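Step one of this worksheet: look at the structure below.
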Amino acid sequence: MSLLKFLSRPNFYILWIWRIINVLSIHTFFQADEFWQSLEPAHVKVFGYGQLTWEWELGIRGYLFPFLFEICYRIVKFVTTTLADLFDLDEVVLSTIEYYGVLICPKLLMATIAAVGEYHMILLVRKVYILSMRHHRDDDNNDKKNRDDNKSSDHYYCTLEQLTLVANIISMTNFFNWFAMTRTFVNSFEMALTSVALCYWDWTGGSYIESNTFTLSLFWAMISCFVRVSNGLIWSILGGFLILSIMKKRDISKIGTLFKKIIETFIIVFVINIAVDYYFYGYLIFPIFRFLKFNFTSPLSQFYGTAPWNFYLFQGIPIVTGSALIPLIYGMHHSLSSRATSEIMYAPFVQMKFVVLLNIIVFSTLAHKEFRFIYPLQPLFMVIATFGYYRIRVILSSWSKLLNIVTNLIVAATLLSAIVVSVYHESGVISVIEYLHEIPHIESIGFIMPCHSTPWQSHLHRNDIHDLWAISCEPPIHLLDDPDASNKLKYYMDESDYLYNDIPKFIKDHMVDNKISQDTNIHEWPEYLVLFHHMDDKFMHDYLKDSAYIEEKRFFNSLGHWDSRRAGDVIMYHKSLIL
């Protein structure tokens, strides 16, 4: 049986194998949260060493997502301990097994989570198709003239298998899915949860709210909201449509059933989150409120950068949807519903489009913007794009051969681009950490580069290094309750700012041969020094040329970079003699 035949129906195992290949190919850096907000806290909890960022010190992060990786690490630790008890293995062999387990186990977990989310996204496409067909037949029975007007509903005459094939190809070859879906981002986890919850959602307007599948939808939707509170906007909109639909039918008893389920599910999810956070922090804490305070009721989120209001329109959506952009735009513009006019506002496509539009509007009002913030909308993007693509095929049926050629070229170019940024571009910051892990004896390592430019102990996995440090960039937490925080934020400088504002002065004031002070901003010249080519070209080459530092290894990182401080290779120096 051909691959296309397999892709013409939902197949979790094909998606799972695809995402395993995907995750094992990723050897590049995208954004620091991939390591520092998921793997690093779990590593600290299991192995007892690593570094917690200020978010964990302040308590604005929930531990539910990192807890999954803690389970991974504990499995790895258990397997290693068991092998040590059963077999007389060399310590080096055991440590190697543990190290690669630490690297690979979280990847396999994320590949599984991604496949589950993607599988339910395909099921969602099929569910919407079946609902649309049902309403289309109802409309035909009520109005015989619809049989002679196929232009308004041509896409309903494709088969379910054809639509499934399109959905599979659009999702599996999507640039951003390949690049980010299997990374250890909480946004990727949130996207998968959203996909599952949307699949089990009651799109009929209240017919199935008493079912167990709808309860599952509520459960996973609430989990996604606790993982990232901004996901609540999606479910507030869909919940509002559902309530309006039930009220329109005047089925008041179902309103009571709905709210009863919401309360019961909320209590269960709330208790789970409280228990997990208590387990990590050691005391009762509600990170969701602290997260809201930092990101929405104070200006401190702007510390990590701002973007123009149209960022998501001209950058975010095109990057996240990739080759599905044109079908998405067409689908957003064209009516994809066949429901009667009196019910059009409750059609699944209308609800999805409303969710997309309102989320983009709200996220566009926030100063700090990132591509991954809108990633939970990807299931909706993919559904709309799938139907939009098939409508385009119907309209351009006389150009089908040319359309197939263009589609194949776009898919090939998309996959090639995704592979380049997953395997090649920004790989040096990963390679240098893995290289450092293999060096037998290390006294100290220092990273003079923008903060969080590399993974940490989740990839280094060594507790025998006496002094391990990097340039920091702590935000001005002391301004959190300051009414004049917006103005003071403009003048605040972290350690990274001081470094790049005047590098020679920073080196003179903050780098010493023998550290006596306990000041965390004072660093002793390390045995191994890691920096970007930018720093080497501008200042460090002149400073190090007469020192005991010798360039030991150079790692390709990028041909170009939006942040000039991270441009070029990653260079590792070794201090062979005492300064």
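Owing to the predicted nature of the structure, the values given are computational and were not obtained by experimental measurement. All residue numbers refer to positions in the sequence shown, counting from 1.
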Hey, what do you get for [atom1] ([X]) to [atom2] ([Y]), rounding to the nearest 0.5 Å?
X	Y	atom1	atom2	result
Phe30	Ser422	CZ	OG	10.5 Å
Asp202	Thr213	CG	OG1	8.0 Å
Tyr528	His574	OH	NE2	3.5 Å

Backbone N or O of [Y] within a donor-acceptor pair of the [X] side chain at under 3.5 Å?
X	Y	result
Asn174	Thr321	yes
His534	Ala567	no
Ser188	Thr184	no
Gln378	Val320	yes
Asn22	Trp178	yes

**Request:** Check the pair Tyr375, Asn177 against side-chain hydrogen bond (donor to acceptor under 3.5 Å, both in side chains), reporting the backbone distance first and the verdict last.
**Result:** CA-CA 9 Å; Tyr375 197 36; Asn177 282 353; 2.7 Å; yes

Set of salt bridge (Lys or Arg N to Asp or Glu O under 4.0 Å) partners for [X], sequence neighbours left out:
X	result
Asp563	Arg565, Arg566
Glu524	none
Lys77	none
Arg126	none

**Asked** Considering the options Glu495, Gln51, His452, which one meets the side-chain hydrogen bond (donor to acceptor under 3.5 Å, both in side chains) requirement together with Ser472?
**Response**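 So the option named by the test is Glu495.
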
**Request:** Might you work through the salt bridge (Lys or Arg N to Asp or Glu O under 4.0 Å) test for Arg19 and Glu118, ending with a clear yes or no?
**Result:** CA-CA 10 Å; Arg19 291 306 163 193; Glu118 197 166 24; 2.8 Å; yes

**Request:** Dump the intermediate steps for ring pair (Phe, Tyr, Trp, His ring centres under 6.0 Å) on His120 and Tyr200, then the final yes or no.
**Result:** CA-CA 9 Å; His120 282 86; Tyr200 294 127; 5.3 Å; yes

Can you see whether [X] engages [Y] through a side-chain donor-acceptor pair at a distance of less than 3.5 angstrom?
X	Y	value
Trp36	Glu55	no
Glu438	Tyr99	no
Asn231	Trp235	yes
Glu70	Tyr279	yes
His27	Tyr424	no

Non-neighbouring partners of [X] that pass side-chain hydrogen bond (donor to acceptor under 3.5 Å, both in side chains), sequence neighbours left out:
X	result
Glu210	none
Arg462	Asp464
Lys261	Thr215

Among pairs that include at least one residue of [range], which meet salt bridge (charged side-chain N to carboxylate O under 4.0 Å, His left out), considering only residues two or more places apart or in two chains?
range	value
residues 80-106	none
residues 167-190	Glu34-Arg183, Glu190-Arg228
residues 39-49	none

**Message:** If you count heavy atoms of other groups shown closer than 6.0 angstrom to CH2 of Trp201, is the number above 12?
**Reply:** yes

**Prompt:** Can you name the residues that form a side-chain contact (heavy atoms from CB on, under 4.5 Å) with Gln31, not counting sequence neighbours?
**Reply:**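 side-chain contact (heavy atoms from CB on, under 4.5 Å) list for Gln31, sorted by chain: Asp33, Phe185, Glu370, Arg372.
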
**Asked** Among Tyr573, Phe532, Trp456, which residue meets the ring pair (Phe, Tyr, Trp, His ring centres under 6.0 Å) test with Phe447?
**Response**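 Exactly one pass, corresponding to Trp456.
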
Solution key, residues 104-114 side-chain donor-acceptor pairs under 3.5 Å, sequence neighbours excluded:
from	atom 1	to	atom 2	distance (Å)
Lys107	NZ	Ile26	O	3.3
Thr112	OG1	Trp16	NE1	2.9
Thr112	OG1	Leu108	O	2.9

